[in-house]
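Structure record follows, encoded as structure tokens.
Sequence lines set the chain letters: A, B, ... in the order given, protein chains first and strands last, and positions in each chain run from 1.
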2 protein chains.
Amino acid sequence: MRVTTHDPLERTEITFLLGMAFQLVLGEFVGRLDAAGYDDLRPVHGLVFQALGGAGATSSELAEQLGVTKQAAGQIIDDLERRCYVERQAHPAGGRRKLVVLTDRARTHLAVAGQTLHELEERLAAQLREVGLEMPRAELAAMIRALAGDSVPPLRPVW
Amino acid sequence: MRVTTHDPLERTEITFLLGMAFQLVLGEFVGRLDAAGYDDLRPVHGLVFQALGGAGATSSELAEQLGVTKQAAGQIIDDLERRCYVERQAHPAGGRRKLVVLTDRARTHLAVAGQTLHELEERLAAQLREVGLEMPRAELAAMIRALAGDSVPPLRPVW
DNA sequence: ATCGGTAGTAAAGCAACTTTACTTGGGAGG
DNA sequence: CCTCCCAAGTAAAGTTGCTTTACTACCGAT
């Protein structure tokens with residue numbers, strides 16, 4: 001007996017599926033953080049917090065990690081500083097350098113966001129297991145390596 | 001004997017892997033189209049061409065498909081019309097409506113882009129098979145269904 | 001002493017949108 | 001008919017998140 005209901009997703013290009021899946025997962029993630037009171041932070045701010053998470057960084061270092069100009073990084077830092085998520089300190093190495101570090105407010109966000117993301121991914125993994133599938137971690141990693149080799153570029157807005 | 005070189009991608013969240021994979025595939029796709037002489041077209045233009053591919057559409061219909069305001073759709077159409085990729089015709093249903101249809105120039109692009117994308121995805125699939133993996137089509141489709149149900153929203157820039 | 005390189009900042013420019021506000025053509029109801 | 005309203009389309013200004021251009025400040029080396 002032939003299945004007559006064709007799933008439109010079965011004929012959709014892998015590239016579209018990747019984009020849709022990423023957009024939906026990120027949207028769900030951002031939505032949960034908004035609901036948790038972080039509606040003043042965009043995904044890029046999470047990347048900033050991750051980059052500064054350890055001992056902080058200079059704005060130029062941050063710019064390189066984000067894949068933007070140092071002026072853009074400076075603007076993001078200005079904004080986050082005004083809203084008390086980061087602070088500019090004198091850099092131990094001296095010079096004109098300034099060390100940008102996270103406030104406790106940002107570290108709290110980082111913890112909440114990490115927890116939220118893992119819960120979301122765990123729920124997704126469970127839903128896939130229900131239909132006999134696993135999360136395609138190895139497949140995605142292989143695609144990334146095939147296209148980027150060992151040097152993975154920064155995650156940027158897609159178009 | 002224990003493997004000592006941990007692949008950083010193995011510890012990376014699925015969400016990041018999705019984003020990286022999409023960004024890299026789309027970047028490769030756009031790069032190939034640029035090289036083929038289509039450096040004046042962005043991904044959104046491809047979506048427009050797909051939406052108008054059959055019998056055309058009105059700018060409001062296009063706006064809904066793209067998930068933007070009708071003014072934004074109008075601006076995109078203005079631009080594409082100036083560059084002879086689309087034409088505004090009188091709409092058979094009359095009224096203020098105008099039917100936006102593709103020129104041959106756009107249909108050629110659509111064919112080239114489709115071919116390019118399939119070649120790219122086929123090469124990727126082959127590279128995955130070399131390491132014993134398959135393209136994660138079912139997994140991505142399951143993730144999309146888990147998050148969007150049956151109503152898949154338009155593909156938009158991600159942040 | 002000054003030269004050059006790097007960090008940071010300031011200001012203007014730009015692309016791709018949204019928001020606000022208007023115009024126009026065509027029914028539907030009275 | 002007439003008018004009232006709605007949907008399609010357009011115009012213009014505003015917004016966002018960057019880049020480009022241009023500058024200042026600090027340092028170490030020659």
Side-chain angles (χ1 to χ4, degrees), chain A residues 23 26-27 30 34 39-48 51-52 55-83 85-101 153-159, chain B residues 23 26-27 30 34 39-48 51-52 55-83 85-101 153-159:
Chain A
Q23 174 175 310
L26 189 65
V30 170
D34 283 1
D39 59 321
D40 59 337
L41 293 174
R42 291 177 298 123
V44 68
H45 298 131
L47 296 181
V48 170
L52 303 180
T58 66
S59 63
S60 294
E61 289 163 357
L62 181 61
E64 186 168 5
Q65 277 239 348
L66 295 180
V68 299
T69 59
K70 58 184 183 172
Q71 291 89 332
Q75 289 169 18
I76 294 170
I77 293 168
D78 285 347
D79 173 42
L80 289 174
E81 191 172 35
R82 240 177 280 120
R83 287 153 49 199
Y85 283 108
V86 306
E87 283 173 10
R88 283 180 168 98
Q89 296 181 348
H91 197 286
R96 281 203 86 185
R97 280 176 221 186
K98 294 176 186 173
L99 188 64
V100 184
V101 298
L155 194 52
R156 295 286 318 274
V158 181
W159 74 73
Chain B
Q23 173 174 311
L26 189 64
V30 170
D34 284 1
D39 59 320
D40 58 338
L41 294 174
R42 292 177 297 123
V44 69
H45 298 130
L47 296 181
V48 170
L52 301 181
T58 67
S59 63
S60 294
E61 288 163 359
L62 182 62
E64 187 168 3
Q65 277 238 348
L66 295 180
V68 299
T69 61
K70 58 183 183 173
Q71 291 88 335
Q75 289 171 17
I76 294 171
I77 293 168
D78 284 347
D79 174 42
L80 289 175
E81 191 172 34
R82 238 177 282 119
R83 285 151 52 200
Y85 283 108
V86 305
E87 283 173 10
R88 283 180 168 100
Q89 297 181 346
H91 197 286
R96 280 205 86 185
R97 282 176 219 183
K98 294 175 186 174
L99 188 63
V100 185
V101 297
L155 194 53
R156 295 286 318 273
V158 182
W159 76 73

Exercise for the section: Report yes if a side-chain nitrogen or oxygen of A:Arg42 is closer than 4.0 Å to either non-bridging phosphate oxygen (OP1 or OP2) of D:dG17; otherwise report no. Expected result: yes
Handout entry: Selection from C:dC17, C:dT9, D:dC18 that lies nearest to any side-chain heavy atom of A:Arg156
Key = D:dC18
Problem - Atom pair distance, as rounded to whole Å: NE2 in B:His91 and P in D:dT10 - result: 13 Å
Exercise for the section: Verify the contact: side-chain N or O of A:Arg97 to OP1 or OP2 of C:dT9, cut-off strictly under 4.0 Å; return yes or no. Expected result: no
Practice task
Please tell me if the side chains of A:Ile77 and A:Val48 come closer than 4.5 Å, counting only heavy atoms from C-beta onward.
Solution key: no
Exercise for the section: Check whether any side-chain nitrogen or oxygen of A:Thr58 sits under 4.0 Å from OP1 or OP2 of C:dA7, and answer yes or no. Expected result: no
Practice task
Grab the NE2-C1' distance between A:His45 and D:dG17 for me, whole Å please.
Solution key: 10 Å
Exercise for the section: Starting at atom CD of B:Gln75, determine the distance to atom P of D:dG14, rounded to an integer number of angstrom. Expected result: 15 Å
Practice task
Report yes if at least one side-chain N or O of B:Ser60 is closer than 4.0 Å to OP1 or OP2 of D:dG9; otherwise report no.
Solution key: yes
Fill in the blank from the handout: Atom CG of A:Asp40 and atom P of D:dT16 are separated, to the nearest Å, by 14 Å
Practice task
First locate atom OG of A:Ser60, then atom CD of A:Gln65, and finally report the distance between them rounded to the nearest 0.5 Å.
Solution key: 12.5 Å
Exercise for the section: Tell me which of B:Ser59 and B:Trp159 sits closer to the 5' end of DNA chain D, going by the nucleotide each one is nearest to. Expected result: B:Ser59
Completion exercise
From the candidates D:dG9, C:dT19, D:dC18, the one with an atom nearest any side-chain atom of B:Gln71 is C:dT19
Practice task
Report the distance from atom CD1 of A:Ile77 to atom C1' of C:dA7, rounded to the nearest whole Å.
Solution key: 12 Å
Problem - Sugar-phosphate, base or nothing in reach of A:Gly95, heavy atoms under 4.0 Å - result: sugar-phosphate
Problem - Interatomic distance where CG belongs to B:Leu62 and P belongs to C:dC17 [whole Å] - result: 12 Å
Practice task
Would you kindly compare B:Glu61 and A:Lys70 by the position of their nearest DNA chain D nucleotide and give the one closer to the 5′ end?
Solution key: B:Glu61
Handout entry: B:Val30 side chain reached by B:Arg42 side chain, heavy atoms, under 4.5 Å
Key = no
Problem - Under 3.5 Å donor-acceptor pair, A:Arg96 side-chain atoms to C:dT6 base atoms - result: no
Exercise for the section: Determine yes or no for a side-chain-to-main-chain donor-acceptor pair under 3.5 angstrom, with B:Glu61 supplying the side chain and B:Gly56 the backbone. Expected result: no
Problem - Side-chain heavy atoms of B:Leu66 within contact of B:Ile76, under 4.5 Å - result: yes
Practice task
Could you tell me whether the phosphate oxygens of C:dT9, OP1 or OP2, come under 4.0 Å of any side-chain nitrogen or oxygen in A:Arg88?
Solution key: yes
